[in-house]
*Asks:* 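This structure is in structure tokens; I'll ask about it shortly.
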Amino acid sequence: MTTAASDLPMDTLTSIDQQDLEERIEVFYQKFLQLSAKERNETLVLLRKQHTQYLLKGIRRLSEAHRVLDASRPWLCYWITHALTLMGETEEFNADLKSDVVDFLSRCQDKNGGFGGGPGQIPHLASTYAAVCALLTIGTEEALASIDRTATYKFLIRQKVPSDIPVIGGGFRMHDDGEVDIRGTYTALAVAHMLDIKTDVITAGVAAYVERCQTYEGGIGGEPCTEAHGGYTFCGLASHVLLDCKTKLDIPSILRWATARQGAVEGGFMGRTNKLVDGCYSFWQGGIFPLLNRLVPKLQESSVQCTMERVQAAMEQQPRVGRENSASTIFSAAQVDEVGSECALYNPRGLQAWILICCQVETGGLRDKPGESKDYYHTCYCLSGLSVAQHSDAGKSRLGDFSTEGDLPLEKTEPLLNIVEKNVKFAEAYWNAHPFVPST
Ligand SMILES: CC(C)=CCC/C(C)=C/CC/C(C)=C/COP(=O)(O)OP(=O)(O)O
Ligand SMILES: [Zn+2]
């Protein structure tokens with residue numbers, strides 16, 4: 001029996017455009033701006049308790065069959081553990097629960113290296129990256145010791161495409177005989193970095209593949225000759241950093257492209273030119289800026305300094321207030337101090353207004369945009385973007401002027417890996433005590 005069109009919910013029939021979105025979010029910003037200062041203080045806060053309960057519910061149900069995300073269970077582990085860790089210590093995310101997650105991920109680990117999307121599934125670079133991120137985030141000796149580094153190293157080498165193959169040479173396959181794209185490059189390099197197993201064998205020839213993915217727009221595509229996208233630009237730029245900045249990517253063009261992806265009205269980021277903003281790009285695009293900032297001193301030393309100045313000038317000319325009720329209005333209403341140099345690359349307070357006002361769901365969890373449902377992926381990446389924005393320019397850009405005293409900033413995420421900084425440090429110390437010797 002077919003379903004009559006009239007039986008379907010409206011959202012199935014219509015996709016929203018920029019005008020619909022602006023009208024939708026104007027309601028949110030208008031409502032906020034009509035509040036008294038006290039009410040604004042109470043409104044512009046992170047709903048920690050609700051988000052924590054939503055996340056804990058998800059982690060406790062890991063072993064149950066997942067209809068849609070059955071092949072993404074290490075991702076669920078990472079999205080949930082990372083989101084919880086960003087919000088600080090929670091009594092309920094205790095040693096037993098952490099141990100259960102480690103045990104579950106061990107069942108996803110393949111004896112020949114890498115992690116599959118669930119127990120018994122073939123190993124995949126994306127689930128390997130997610131599992132390793134989750135284990136570093138759990139941050140116990142048990143979690144780190146559960147990773148078979150020698151087998152993981154062999155898995156990474158097995159996915160590497162020889163440099164002399166046209167177009168895809170230097171890239172990594174997502175799995176045995178699988179597709180080659182910039183996610184493969186980033187996840188392979190990030191895993192090698194996180195496990196301290198990044199040898200010259202892993203990195204040889206990779207820069208050439210990354211360079212081939214940059215497009216005429218300035219951003220980076222998933223594969224050579226495909227459209228620039230925030231998710232892939234993050235992967236490409238982070239790969240550049242993981243390769244000790246040895247690619248010939250045009251960095252000022254990435255900066256110019258990324259700054260133009262922030263919606264002047266919404267405050268959030270879009271993934272690609274002329275598409276709608278979405279909460280998850282708060283990290284994929286927002287996370288690009290701290291990486292770029294690390295590269296700025298290098299740029300200033302070189303002949304491209306004038307290009308940086310041009311980009312800064314272009315930023316100042318960009319219309320910041322598109323409508324009366326916009327994230328930018330809220331940003332200026334905060335009457336905060338002058339933004340520092342890092343903030344000048346984008347508007348971190350506008351981003352925070354978008355996440356806190358438009359992406360939070362009152363019953364817990366964060367979402368793509370108003371009208372969409374919450375999910376663990378968007379909860380993770382909205383909070384990750386919030387952490388990046390709060391900690392930009394030494395924390396000055398936090399919307400602290402509005403927040404109640406008890407509303408502490410999130411833990412600082414290390415943008416290169418999107419793992420909380422203190423967990424990265426714990427793993428570094430652990431690997432120092434357990435040096436890796438590659439076997440041939
Ligand atoms: C480490 C790792 C695996 C990174 C993945 C990065 C990432 C988020 C890539 C995005 C892929 C993509 C083309 C989405 C477009 O979806 P869409 O057309 O539904 O959305 P859009 O309209 O916002 O572009
Ligand atoms: Zn999204």
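Counting convention: from 1, in listed order, for ligands and their atoms alike. Keep in mind the model is a prediction, meaning the values are calculated, not measured. Residue numbers run from 1 in the order of the sequence given.
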*Asks:* Starting from atom 24 (O) of ligand 1, locate the nearest protein heavy atom and write down its residue, its atom name and how far away it is, to 0.1 Å.
*Replies:*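 Answer for atom 24 (O) of ligand 1: Arg272 NE, 2.6 Å.
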*Asks:* Which residue and atom name correspond to the protein heavy atom nearest atom 1 (C) of ligand 1, and how close is it?
*Replies:* Tyr186 CD2, 3.8 Å
*Asks:* If the condition is ring-ring contact (aromatic ring centres under 6.0 Å, His included), which residues does Tyr209 pass it with, not counting sequence neighbours?
*Replies:*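 Counting only residues at least two positions away or on another chain, Tyr209 forms no ring-ring contact (aromatic ring centres under 6.0 Å, His included).
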*Asks:* Considering only protein heavy atoms, which is closest to atom 12 (C) of ligand 1, and at what distance to one decimal place?
*Replies:* His229 NE2, 3.7 Å
*Asks:* When the side chains of residues 111-126 are checked against the rest of the protein, which donor-acceptor pairs come out under 3.5 Å, sequence neighbours left out?
*Replies:*
from	atom 1	to	atom 2	distance (Å)
Gln121	NE2	Asp70	O	3.2
Gln121	NE2	Asp70	OD2	3.4
His124	ND1	Ala126	N	3.0

*Asks:* Which residues pass the side chain to side chain contact (heavy atoms under 4.5 Å, CB included) test with Ser146, sequence neighbours left out?
*Replies:*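 Only Val102, Ser106, Leu135 meet the side chain to side chain contact (heavy atoms under 4.5 Å, CB included) criterion with Ser146.
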*Asks:* With the side chain counted from C-beta on, respond yes when Trp75 and Tyr129 share a heavy-atom pair under 4.5 Å apart, and no when they do not.
*Replies:* yes
*Asks:* Suppose we measure from atom 22 (O) of ligand 1 to each protein heavy atom; which comes out shortest, and what is that distance?
*Replies:*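 Here the closest protein heavy atom is Lys275 NZ, 2.8 Å.
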*Asks:* Looking only at heavy atoms of Tyr281, does any of them come nearer than 4.0 Å to an atom of ligand 1?
*Replies:*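 Contact present.
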*Asks:* Could you grab the distance from atom CG of Asp17 to atom CG of Leu276, nearest 0.5 Å is fine?
*Replies:*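 Interatomic distance, Asp17 CG to Leu276 CG, rounded to 0.5 Å: 7.5 Å.
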*Asks:* Charged N to carboxylate O under 4.0 angstrom, Glu372 versus Arg367?
*Replies:*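 Looking at Glu372 and Arg367, the cut-off is not met.
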*Asks:* At what distance is the nearest protein heavy atom to atom 11 (C) of ligand 1, and which residue and atom is it?
*Replies:* Tyr232 OH, 3.4 Å
*Asks:* Which protein non-hydrogen atom lies closest to atom 8 (C) of ligand 1, naming both residue and atom, and how far is it?
*Replies:*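 Scanning the protein heavy atoms, the shortest distance from atom 8 (C) of ligand 1 goes to Trp284 NE1, 3.5 Å.
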*Asks:* More than 12 non-hydrogen atoms from neighbouring residues, nucleotides or ligands closer than 6.0 Å to CG on Asn432, yes or no?
*Replies:*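 Check passes, neighbour count above 12.
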*Asks:* Which value, rounded to the nearest 0.5 Å, describes the distance between Asn423 atom CG and Glu414 atom CD?
*Replies:* 11.5 Å
*Asks:* Indicate whether atom 19 (O) of ligand 1 is within a distance of less than 4.0 angstrom of some protein heavy atom.
*Replies:*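 Flag for atom 19 (O) of ligand 1 set to false, no protein heavy atom closer than 4.0 Å.
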*Asks:* Is the shortest side-chain heavy-atom distance between His240 and Leu295 below 4.5 Å?
*Replies:* yes
*Asks:* Determine, step by step, whether Phe283 and Val388 satisfy the side chain to side chain contact (heavy atoms under 4.5 Å, CB included) criterion, reporting the C-alpha distance in whole Å, the side-chain angles of both residues, the deciding distance to 0.1 Å, and the verdict.
*Replies:* CA-CA 7 Å; Phe283 177 76; Val388 167; 4.1 Å; yes
*Asks:* So which protein heavy atom does atom 7 (C) of ligand 1 come closest to, and at what separation?
*Replies:*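 Atom 7 (C) of ligand 1 sits closest to the protein heavy atom Gly231 CA, 3.5 Å.
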*Asks:* Before giving the answer on side-chain hydrogen bond (donor to acceptor under 3.5 Å, both in side chains), spell out for Thr413 and Asn418 the whole-Å C-alpha distance, their side-chain angles and the decisive distance to 0.1 Å.
*Replies:* CA-CA 6 Å; Thr413 194; Asn418 199 15; 2.8 Å; yes
*Asks:* Run through the protein N/O/S atoms less than 2.8 Å from the Zn ion (ligand 2) and write them out by chain and number.
*Replies:* Asp278 OD1, Asp278 OD2, Cys280 SG, His378 NE2
*Asks:* Find all atoms of ligand 1 within a distance of less than 4.0 Å from any non-hydrogen atom belonging to Tyr377, and give their numbers and elements.
*Replies:* 8 (C)
*Asks:* Among the heavy atoms of Cys235, does any lie under 4.0 Å from an atom of ligand 1?
*Replies:* yes
